[in-house]
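Take a look at the structure set out below.
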Amino acid sequence: MSDSAPDAPDTAAPAAPGDLALPLLGMIAYFQLAAFTRLAADSGLAPTLTQRLSLAGYARNALNRVDRVAGRIVELGGDPQSAMRPFAGVLVEFDERTEPSTWSERLLKSYVGYGVADDFARVLAEGLDPASREVVDEVMSDDGHGATVVAALEAAGADDATLSPRLALWGRRLVGESLGVVQRVLGAHPEVVRLLAGALPGDEPQSRLFARLTAEHTRRMDRLGLAA
């Protein structure tokens, strides 16, 4: 009879909720902070008072969402700034490469371009614990911004027959650049890749992710009556 200790089991302990959730929550909090800055700037540039007020309200909502996500990070034992910091600057190159030249292009970028990042977060959230996923679903819900953009672009298109073809081209450029951001995040953050594997178990999760993101982009463009 051997006195040696039995071999340790091969199965690793399951990850704690915070191990999976904190990177995604940090990314979302950073994206919402960026949305606040962007929407506040858009409000100052809006051509009508109605649009200025609407966009100011959406900026306020984005800041409230930062607080909501930060609260969940603290509940999981994390520090909001530490969770956000790895993702700071991830949108800088995207913004530099997609500088809008008109108000309509700016509106489309806010809806289509940044919509890809929102969809990315929703997919990743499928691998989270129920409480964290509920927070992500809450902060990723449409607060009316999409409808505001659709209405504004429909009105602009009614006055300019050349607008829709130009915006369709702009939308194709935006989605390409947005998917590039997602690819860079996956390349720089192995913790996000692990979360994706849990959210989309099985073969080729990245391929299935990009298929879903592209399908959601097409849905947004269809809502605008633009060819994807």
Side-chain angles (χ1 to χ4, degrees), residues 27-63 65-66 84-121 140 142-143 145-157 159-189 210 213-214 216-228:
M27 185 181 76
I28 291 172
Y30 173 75
F31 283 172
Q32 290 299 316
L33 182 61
F36 161 74
T37 303
R38 182 181 72 251
L39 290 164
D42 288 352
S43 175
L45 296 172
T48 69
L49 179 59
T50 298
Q51 290 181 356
R52 289 190 68 180
L53 289 169
S54 294
L55 291 168
Y58 301 138
R60 181 181 62 244
N61 292 346
L63 199 57
R65 289 171 169 178
V66 174
M84 294 167 67
R85 192 169 292 116
F87 301 96
V90 73
L91 296 173
V92 170
E93 184 177 353
F94 171 72
D95 284 328
E96 290 176 346
R97 294 170 64 93
T98 57
E99 183 66 32
S101 60
T102 66
W103 177 246
S104 293
E105 287 185 359
R106 194 175 189 93
L107 285 178
L108 188 65
K109 179 181 175 179
S110 70
Y111 179 53
V112 168
Y114 297 105
V116 172
D118 291 347
D119 293 332
F120 182 36
M140 292 291 98
D142 188 358
D143 59 357
H145 177 259
T148 295
V149 171
V150 170
L153 292 180
E154 284 180 346
D159 295 331
D160 182 357
T162 68
L163 181 63
S164 290
R166 287 188 282 113
L167 288 182
L169 290 173
W170 179 238
R172 294 187 192 106
R173 180 178 172 188
L174 289 170
V175 71
E177 296 290 350
S178 298
L179 293 174
V181 172
V182 173
Q183 188 63 65
R184 288 192 291 275
V185 169
L186 293 171
H189 297 278
F210 283 97
L213 297 180
T214 302
E216 286 301 311
H217 167 73
T218 301
R219 181 187 62 79
R220 286 192 178 90
M221 294 292 279
D222 286 345
R223 186 179 180 189
L224 291 160
L226 299 175

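Note that the structure is predicted; figures quoted are calculated from it, not measured.
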| task | List the steps, then state whether side-chain contact (heavy atoms from CB on, under 4.5 Å) holds for Phe87 with Leu33. | result | CA-CA 11 Å; Phe87 301 96; Leu33 182 61; over 6 Å; no
| request: Run the numbers on Phe94 and Thr98 for side-chain contact (heavy atoms from CB on, under 4.5 Å), then give the verdict. | output: CA-CA 6 Å; Phe94 171 72; Thr98 57; 3.9 Å; yes
| field | Asp160 vs Arg166, salt bridge (Lys or Arg N to Asp or Glu O under 4.0 Å): CA-CA, chis, key distance, verdict | value | CA-CA 11 Å; Asp160 182 357; Arg166 287 188 282 113; 2.8 Å; yes
| request: Evaluate side-chain contact (heavy atoms from CB on, under 4.5 Å) for Asp42 paired with Tyr58, printing each intermediate quantity in order. | output: CA-CA 10 Å; Asp42 288 352; Tyr58 301 138; over 6 Å; no
| query | What's the verdict on side-chain contact (heavy atoms from CB on, under 4.5 Å) for Val90 and Arg184, showing C-alpha distance, side-chain angles and the deciding distance? | reply | CA-CA 8 Å; Val90 73; Arg184 288 192 291 275; 5.7 Å; no
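In this structure the side chain of Tyr111 never reaches within 4.5 angstrom of the side chain of Leu153, judged on heavy atoms. Contact annotation: the side chain of Trp170 never approaches that of Leu226 to less than 4.5 Å [non-hydrogen atoms, C-beta and beyond]. A heavy-atom distance below 4.5 Å is not found between the side chains of Val175 and Thr214.
When the shell of 6.0 Å around CZ of Arg97 is examined, it contains 12 or fewer heavy atoms from other residues, nucleotides or ligands.
Closest of all the heavy-atom pairs between Gly157 and Leu163 is N-CD2, 3.6 Å. When all heavy atoms of Ala147 and Asp142 are compared, the pair lying nearest together is N-OD2, 4.4 Å. When all heavy atoms of Gly171 and Val112 are compared, the closest pair comes out as O-CG1, 4.4 Å. Nearest heavy-atom pair, Trp103 versus Leu55, reported as atom, atom and distance to 0.1 Å: CH2-CD1, 3.7 Å. For the residue pair Ser178 and Gly113, the shortest heavy atom distance occurs at OG-O, 2.9 Å. Listed here is the closest heavy atom pair of Lys109 and Leu174: CA-CD1, 3.6 Å.
A distance of 7.5 Å separates CG in Leu224 from CD in Glu154, rounded to the nearest 0.5 Å. Separating the CD atom in Glu216 from the CZ atom in Phe120 is a distance of 14.5 Å, to the nearest 0.5 Å. Residue Asn61 holds its CG atom at 10.5 Å from NE2 of His145, rounded to the nearest 0.5 Å. Atom CD of Glu177 and atom CG of Asp95 lie 10.5 Å apart (nearest 0.5 Å). Here Ser101 contributes atom OG and Arg106 contributes atom CZ; the two are 11.0 Å apart, rounded to the nearest 0.5 Å. Distance check: Leu107 CG to Leu167 CG gives 9.0 Å after rounding to the nearest 0.5 Å.
Test Asp119, Val149, Val150, Leu108 against Arg220 for side-chain contact (heavy atoms from CB on, under 4.5 Å) and you get one pass: Asp119.
No side-chain donor-acceptor contact under 3.5 Å links Arg65 to the backbone of Met140.
Applying the ring-ring contact (aromatic ring centres under 6.0 Å, His included) test to residues at least two apart or on different chains, none of the pairs has a partner in residues 29-52.
Among residues two or more places apart in sequence or in another chain, the ring pair (Phe, Tyr, Trp, His ring centres under 6.0 Å) test is passed with Phe210 by none.
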